[in-house]
Chemist: 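The structure under discussion is supplied below as structure tokens; questions concerning it will follow.
Quick caveat, the model's predicted, so the values are computed rather than measured. One-based numbering, in listed order, for ligands and for the atoms of each. For the single chain, residues carry numbers from 1 onward in sequence order. All heavy atoms count here, side chains included; hydrogens, waters and symmetry mates do not.
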Amino acid sequence: MSLVEEAKKQAAYKAVDDNFPPHAKYVGIGSGSTVVYVAERIGQLKNKDSFICIPTGFQSKQLIIDNGLKLGTIEQFSDLDIAFDGADEVDPQLNLIKGGGACLFQEKLVAVSAKKFVVVADYRKKSDVLGKQWKQGIPIEIVPNSYVKITKDLKSLGAITVTLRQGGKAKAGPIITDNNNFLIDADFGEVKDPVSLHNKIKSLVGVVETGIFTNVASVSYFGEEDGKVSQWTV
Ligand SMILES: O=C(CO)[C@H](O)[C@H](O)COP(=O)(O)O
């Protein structure tokens with residue numbers, strides 16, 4: 001296992017061991033490569049038949065099933081005891097950039113529905129200010145036919161580059177989210193005031209959600225290069 005992969009696993013295992021409520025009934029499971037180890041650890045719990053897991057998208061639904069966990073939906077269970085998810089960048093106030101894996105709307109829905117939201121990441125995600133480490137831009141989920149207008153609007157708000165995310169080798173054309181939307185990555189450089197930037201972007205017609213998460217995470221676990229796990233809390 002590579003250093004980064006080991007760091008992800010250590011962070012995820014410790015996050016579950018430290019935080020999983022003994023009598024949890026509803027648990028949110030996020031998306032990405034670090035959460036794979038969260039689902040693995042939760043799947044090792046002896047009482048895994050006593051709670052229901054709520055996914056943030058297609059990948060996490062599969063993780064829940066593959067680890068023998070009970071699956072539910074956020075429509076059925078909208079008050080979660082806890083949720084775990086990865087992040088693309090984390091600052092010391094636990095402001096986050098998320099959406100690198102294109103799941104941000106459902107990730108935010110699950111995160112804000114949980115009494116406690118726990119972030120799991122490796123050491124590369126730590127940053128003193130959002131936008132310093134994650135250079136790809138702020139992921140923004142949008143209604144497809146609004147992308148031309150929103151591209152112009154984002155530039156007016158100060159975006160340096162605005163890119164409609166493409167599906168890559170597997171798909172000619174833009175990526176389609178789990179909610180059948182498009183995704184834009186807008187680079188605003190270093191984001192000194194994430195709440196204000198989120199509010200400005202969110203007010204544009206056609207924006208479903210932004211990948212700026214503020215005031216939602218209460219603790220973040222980071223797997224370090226030396227094999228230890230560090231924590232930031234607010
Ligand atoms: O926001 C996300 C998906 O939209 C992921 O949580 C984020 O990209 C982190 O992923 P990874 O754990 O693979 O680094």
Chemist: Kindly write out the residues that satisfy salt bridge (charged side-chain N to carboxylate O under 4.0 Å, His left out) with E89, not counting sequence neighbours, or none if the list is empty.
Modeler: none
Chemist: Quick check on D17: does its CG atom have over 12 non-hydrogen neighbours (other residues, nucleotides or ligands) under 6.0 Å away?
Modeler: yes
Chemist: Residues around ligand 1, heavy atom under 4.0 Å from any ligand atom, sorted by chain and number. Can you pull those?
Modeler: S31, G32, S33, T34, D85, G86, A87, D88, K98, G99, G100, G101, A102, C103, E107, K125
Chemist: Does one side chain, of Y221 or Q10, offer a donor that lies under 3.5 Å from an acceptor on the other?
Modeler: no
Chemist: What I want to find out is whether K98 reaches D88 closely enough, with some N-O distance under 4.0 Å, to be called a salt bridge.
Modeler: no
Chemist: Could you tell me whether F77 and F51 have their ring centroids closer than 6.0 angstrom?
Modeler: no
Chemist: Quick one, E141 with N179, criterion side-chain hydrogen bond (donor to acceptor under 3.5 Å, both in side chains). Give me CA distance, side-chain angles, the key distance, then yes/no.
Modeler: CA-CA 9 Å; E141 184 159 349; N179 313 302; 2.8 Å; yes
